[in-house]
Amino acid sequence: MSAVRVRFAPSPTGNVHIGNIRAAIFNWLFARHEDGTFLLRVEDTDRERSTPEAIANLLSVMEWLGLGYDEQPLYQSTQEKEHLAAARQLIDAGKAYLSAKNEEGRQAVIFRIPWDTAECPAVSSAGPATIQVHPDVPVQIVANGVNYAQVSKKGKPIPAAACLAGFKDLEILDESNHCIFRLNNHIAGVLDNDRSFEVDNAAQFRFTRRQVHFHDLVKGTLAKPLDSMKDLVIVRSDSSPVFHLANVCDDSTQGITHIIRGDDHVENTYRHILLYYALGKTPPTYAHLPMIVNDQGKPYSKRDGDAFVGDFRDKGYLPHALFNYLTLLGWSPGDDREKLSREELIQLFSLERVQSAAARMDLKKLDNLNGQYMAELPFDEFLNTCRTFAETCDWFDADAMDTDYFASVAELLHTRTKRFTDVCEWDYFFREIPDYDEKACGKFFKKLEVRAALTDLAVSLKNLSTFTPETIERAVHAATEKHDIKHGKLNQPLRVAVTGRTTGAGIYETIALLGPRRTETRITHASNTYFGEI
RNA sequence: GCGCCUAUCGUCUAGUGGUUAGGACACAAGGUUUUCAUCCUUGUAACCGGAGUUCGAUUCUCCGUAGGCGUGCCA
């Protein structure tokens, strides 16, 4: 086992989303490829929204997809003491401070983006910088940062704020370029919260820009200037730890070496890295995955019901088909292979090959892949799952069901089933009279000779001594010749007369399965109902 | 507004400083199947725009454009 330790850290607040589970899959694949450890951490600190049902759903979805985790899952709610201790540590070290009191007289804990970055190798200088400032709005320099107004293109003031650390060596200049304030002269007092300043008539900031940077395994080297960051709340005034703190603490205690997550977290990463160093830890390696978007190219929202993993299971997809399809969203093995076994995926997976643009779900392609997996499913397994899905269909009658007959239907349709929900369309095998596609009836029952041939067939099929695909084929052939119909031109009318529809398995096999009685009844029904007047 | 990220057929993607820019899904045509589906063959279809570097740019750089993410006492 290698030193690699990764985790999937969902918050159990409802159904598991497809984008989430894709992150889980990539973590799992990376861990297995590296012979490392894959952990589950349940971020259940949102007590209002985290429910036992959601946790059960999460666990069942992971099991369904075969995403086995190593070690016991860590429930974040059990770590609150550790989180608060970390906050205490930061306060004691002067790296975090308390907010102003709220109405109830309580205070939040705020992490200060560090002014002194000596111990933080992720911060580097980006050279001198200037920002235009609107003179109408006084610049405030206080313990929790700098408040000022930028100048819009139209010359209007736009409120802005950033952490103190963003403005190393800050000089504030007035409109005639005179320096009217030097932060370095006052920084100690400001940080200690003894001093604060309000500077009028400021026109420009001149300072040394510093930035946090890290190397992302997917996106390369990324950086963010400190003057676009603000100090952040790490413990709310009700004493509950905030995501950023909890996340960093737990990743640290779980010994996570690689954080693989959606790229909506890129911006958080800069803050997390700063937190790691402030806590005396070294941050892990990061890899940010592109988002999965809906067929409109938009981010999935709660309204995209299709996006829950459980829905794919309910819609009759095979877990490995979904798994395989999801690996192809934002990743490829580098050659033309697409249908890949789990072993192949483990062997081939690498974060370096992950795409950085968002990927769209293509349900058609998923269907195709699912059909491929479906076709090679062992028949017993196929049959059992068909049975489960059939039970949800309105035509299914558990008491009256002939299991051998059901199995024969399943066998006949096995290779043409793309999803298990297709089973519901097998209704024409089980109803006495199926629903008829009237448009198809109009089209295929038009010719007189076809009607006559079908009427003949109702009788000749009924009188067959043995009722097999071969004998049926001969009977159809005979009727075709007798009524001077071209080869094969009776098959579709016959199919419509017997099944009500234009597609299905081979028609002889279908009729053989239905049996002589039902066949005759249906042809007669079709004749009476749809042949109409001459 | 500001910061960051992204951009190859309709979709998922491969790929390269010089290629007939490859594959898959979808779509279309033909073939096999006396029928349906499968299957086989073929076809339609892409380097976001503009500059620059270069003998040569889809590939490198810059500027646009479009989209995404972030800018919370949400996660």
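Chain identifiers are assigned alphabetically (A, B, ...) following the order of the sequence lines, protein sequences preceding nucleic acid strands; residue numbering begins at 1 within each chain.
Across all strands shown, B/U6 forms a Watson-Crick or G-U wobble pair, both distances under 3.5 Å, with B/A66. Using Watson-Crick or G-U wobble geometry with both donor-acceptor distances under 3.5 Å, B/U32 finds no partner in any strand shown.
Rounded to a whole Å, the CD1 atom of A/Ile234 is 16 Å from the C1' atom of B/A75. What separates CG of A/Asn294 from C1' of B/G68 is a distance of 13 Å, to the nearest Å. Rounded to whole Å, atom P of B/A14 lies 14 Å from atom CG of A/Leu348.
Side-chain atoms of A/Asn268 and base atoms of B/A75 include a donor and an acceptor less than 3.5 Å apart. The base of B/C5 lies outside donor-acceptor range of the side chain of A/Ser356, with no N or O pair under 3.5 Å. Residue-to-nucleotide contacts include no donor-acceptor pair under 3.5 Å from the side chain of A/Arg360 to the base of B/U11.
For the pair A/Arg501 and B/A37, the criterion of a side-chain N or O lying under 4.0 Å from OP1 or OP2 is not met. Neither OP1 nor OP2 of B/C12 sits under 4.0 Å from any side-chain N or O of A/Lys364. Distances shown here put a side-chain N or O of A/Lys298 below 4.0 Å from the OP1 or OP2 atom of B/G68. Within the 4.0 Å cut-off from OP1 or OP2 of B/C74, at least one side-chain nitrogen or oxygen of A/Arg236 is found. Between A/Gln492 and B/U34, a side-chain N or O to OP1/OP2 separation shorter than 4.0 Å is absent. One finds no side-chain N or O of A/Arg271 lying less than 4.0 angstrom from the OP1 or OP2 phosphate oxygen of B/A75. The shortest distance between the side-chain N/O atoms of A/Ser237 and the OP1/OP2 oxygens of B/C73 is not below 4.0 Å.
Separating the C1' atom of B/G15 from that of B/A57 is a span of 15 Å, rounded to the nearest Å. To the nearest whole angstrom, the two C1' atoms, one in B/C63 and one in B/G56, are 23 Å apart. Distance noted for atom C1' between B/C12 and B/A46: 13 Å (whole Å).
The cationic atom of A/Arg209 (NZ for Lys, CZ for Arg) does not lie both less than 6.0 Å from the six-membered ring centre of A/Phe207 and within 45° of the ring axis.
The A/Arg495 side chain lies nearest to B/C36 when the options are B/U34, B/C36, B/G1. Here the nucleotide nearest the side chain of A/Ala357, chosen from B/U6, B/A26, B/A37, is B/U6.
Using modelled atom types, one side-chain atom of A/Arg112 and one backbone atom of A/Ala143 make a donor-acceptor pair closer than 3.5 Å.
A/Leu226 approaches A/Ala165 most closely through the heavy-atom pair CD1-O, 3.7 Å. Across A/Leu514 and A/Tyr428, no two heavy atoms sit closer than the pair CD2-O, 3.9 Å.
Ring geometry for A/Trp426 versus A/Phe382: interplanar angle of 30 to 60°, hence tilted.
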